[in-house]
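Structure in structure tokens, see below.
What you see is a predicted model; the values in this text were computed from it and never measured. Each ligand, and each atom within it, is numbered from 1 in the order the structure gives. Index from 1, following the sequence.
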Amino acid sequence: MGGGPVVYNFNPGPAVVPAAVLREAAENLVDYRGQGMSIVEMSHRAGPYEAVHQDAIDRCLRLYGLGPEYAVLLLQGGASLQFAMVPMNLLREGRSADYISTGHWSQKAIEEVHVLGKRCRVAGSSEGQHFACIPSQEELDLDPEAEYLHLTTNNTIYGTQFQSLPRSGGVPIVADMSSDLFSRPVVWDEIGLAYGGAQKNAGIAGLTVVIIRRDLLDRVGAGQGVPTVMRYRTHAKTNSLYNTPPVFAIYLFGLVLRWIECLGGLEAVASRNQCKAGLLYAAIDGSGGFYRGHARPDSRSLMNLTFALPDKAAEARFCAEAEQAGLVGLRGYRSVGGVRASLYNAMDEAGCEVLAGFMRDFARRGA
Ligand SMILES: *Cc1c(COP(=O)(O)O)cnc(C)c1O
């Protein structure tokens, strides 16, 4: 957006935000709807901000089709803080939780359980397959007594995604949805808690969205060593106004959710995301092996597409030439290499078509 060159932003996060949202936020930044001050200058306990806050929460519940049995918490600290808050609040002394290990972020979540001196089991892993796939239901070894089953719905770095959630046998699922929030409808039947930072699919950095089934709010009760600000109950009780919330990120989050509603909701967004990813997977599959997708086809992500070229030099040239053509943010994660295109909700089909065309052209010249 803006007056600069046309750029298609494939950054993994922070990432592209709908241009219409940025424009509206820019217009309101200095003077919020004729109030004579910016939304970032107002009290978080005054009317105009409270309306913004409640609107974001309501839209979040509405989009996911959730009723009052769930609470939406607007927190800070990123998904990384949730790696700790989840076991602090949901994993009781002497009990154990199950974790499915599908990549870097799952492993970070598991590490945090150990930091807290708590117990968890790896109930399934694709580490032996270089995180190129999602374990099937049959490959899972679930503990029916587990406090919860933690999984990463979309693996941002490896480019894999749960196509549907596993059946957990009534054990609450805890889902790190950082990189596929609001990208498709979600079946909530077994989900006890879902979380994610807003900076990938739902706005800007600084806001972490937590959706929690209310019956889980009191699992680890007060007086059991969880600091006040780290307790889900604290934030549920105060409607996420226990302390100063990240007001601007929440304002933007609400605008993004409204934008999604205008697109037709999550069903419409999901089919748009299918189309977008389809264009690029077709470019990979049609390249005669020039591009090698990392993810196994049955585990492919619609959000982050990862692929390798014949060698590192070709990958470097690919990213440099792409950037020249206005296609930015395509370098793979530092420890993994290769190319990664992140196609979050705000990336439009036109951007995907331009990238697919560039890929075909580059392969023709490079092959
Ligand atoms: C980006 C990401 C994280 C880390 O999020 P922060 O907000 O930086 O803490 C965790 N999990 C997944 C799946 C991610 O994509």
Side-chain angles (χ1 to χ4, degrees), residues 9-17 73-88 99-113 115 120 124-127 131-135 148-163 165 173-184 186 191 193-211 229-230 245-246 248-250 252-253 256 273 277 294-295 299-306 329-336 338 340-347:
N9 178 358
F10 295 96
N11 273 317
V16 58
V17 174
L73 311 180
L74 305 176
L75 310 181
Q76 303 184 56
S80 300
L81 180 56
Q82 293 312 305
F83 296 162
M85 274 178 78
V86 164
M88 283 172 122
Y99 278 70
I100 302 178
S101 176
T102 50
H104 176 87
W105 296 114
S106 310
Q107 292 185 317
K108 292 274 179 209
I110 291 169
E111 279 167 26
E112 230 40 33
V113 179
V115 166
C120 67
S125 172
S126 53
E127 189 170 9
F131 297 125
C133 58
I134 298 293
Y148 57 83
L149 169 63
H150 183 281
L151 52 87
T152 314
T153 50
N154 183 74
N155 297 281
T156 324
I157 293 172
Y158 292 95
T160 63
Q161 187 174 25
F162 277 85
Q163 313 294 303
L165 291 180
I173 291 177
V174 173
D176 176 357
M177 295 194 192
S178 290
S179 49
D180 62 0
L181 271 177
F182 303 102
S183 69
R184 56 179 179 177
V186 169
I191 299 182
L193 188 152
Y195 63 89
Q199 71 271 20
K200 284 161 187 154
N201 239 340
I204 61 169
L207 167 65
T208 315
V209 182
V210 172
I211 303 172
V229 75
M230 309 276 242
F248 191 66
I250 291 171
L252 244 94
F253 175 58
V256 169
N273 286 333
H294 178 72
S299 301
R300 282 174 164 177
S301 168
L302 299 186
M303 297 283 100
N304 310 95
L305 283 73
T306 50
L330 289 165
R331 228 169 296 275
Y333 190 75
R334 50 191 189 275
S335 65
V336 177
R340 168 173 56 173
S342 298
L343 315 181
Y344 301 125
N345 287 338
M347 169 56 62

For the residue pair Phe131 and His294, what are the closest heavy atoms and their distance? O-NE2, 3.7 Å

Run the side-chain donor-acceptor check on residues 73-82: report pairs under 3.5 Å with partners two or more places apart or on a different chain.
unit_1, atom_1, unit_2, atom_2, d
Gln76, NE2, Thr244, O, 3.2
Gln82, OE1, Tyr232, OH, 2.6

Sorted by chain and residue number, the salt bridge (Lys or Arg N to Asp or Glu O under 4.0 Å) partners of Asp180 (sequence neighbours excluded) come out as Arg184

Any residue meeting side chain to side chain donor-acceptor pair (under 3.5 Å) with Gln199, in chain and number order, not counting sequence neighbours: none

Tell me the residues surrounding ligand 1, counting only those with a heavy atom closer than 4.0 angstrom, sorted by chain and number. Gly78, Ala79, Ser80, Phe83, Trp105, Thr152, Asn154, Thr156, Asp176, Ser178, Ser179, Gln199, Lys200

Quick one: does any side-chain atom of Ser101 pair with a main-chain N or O of Gln107 as donor and acceptor, under 3.5 Å? no

Per side chain to side chain contact (heavy atoms under 4.5 Å, CB included), Gln161 is matched among Asn154, Thr156, Thr153 by Asn154

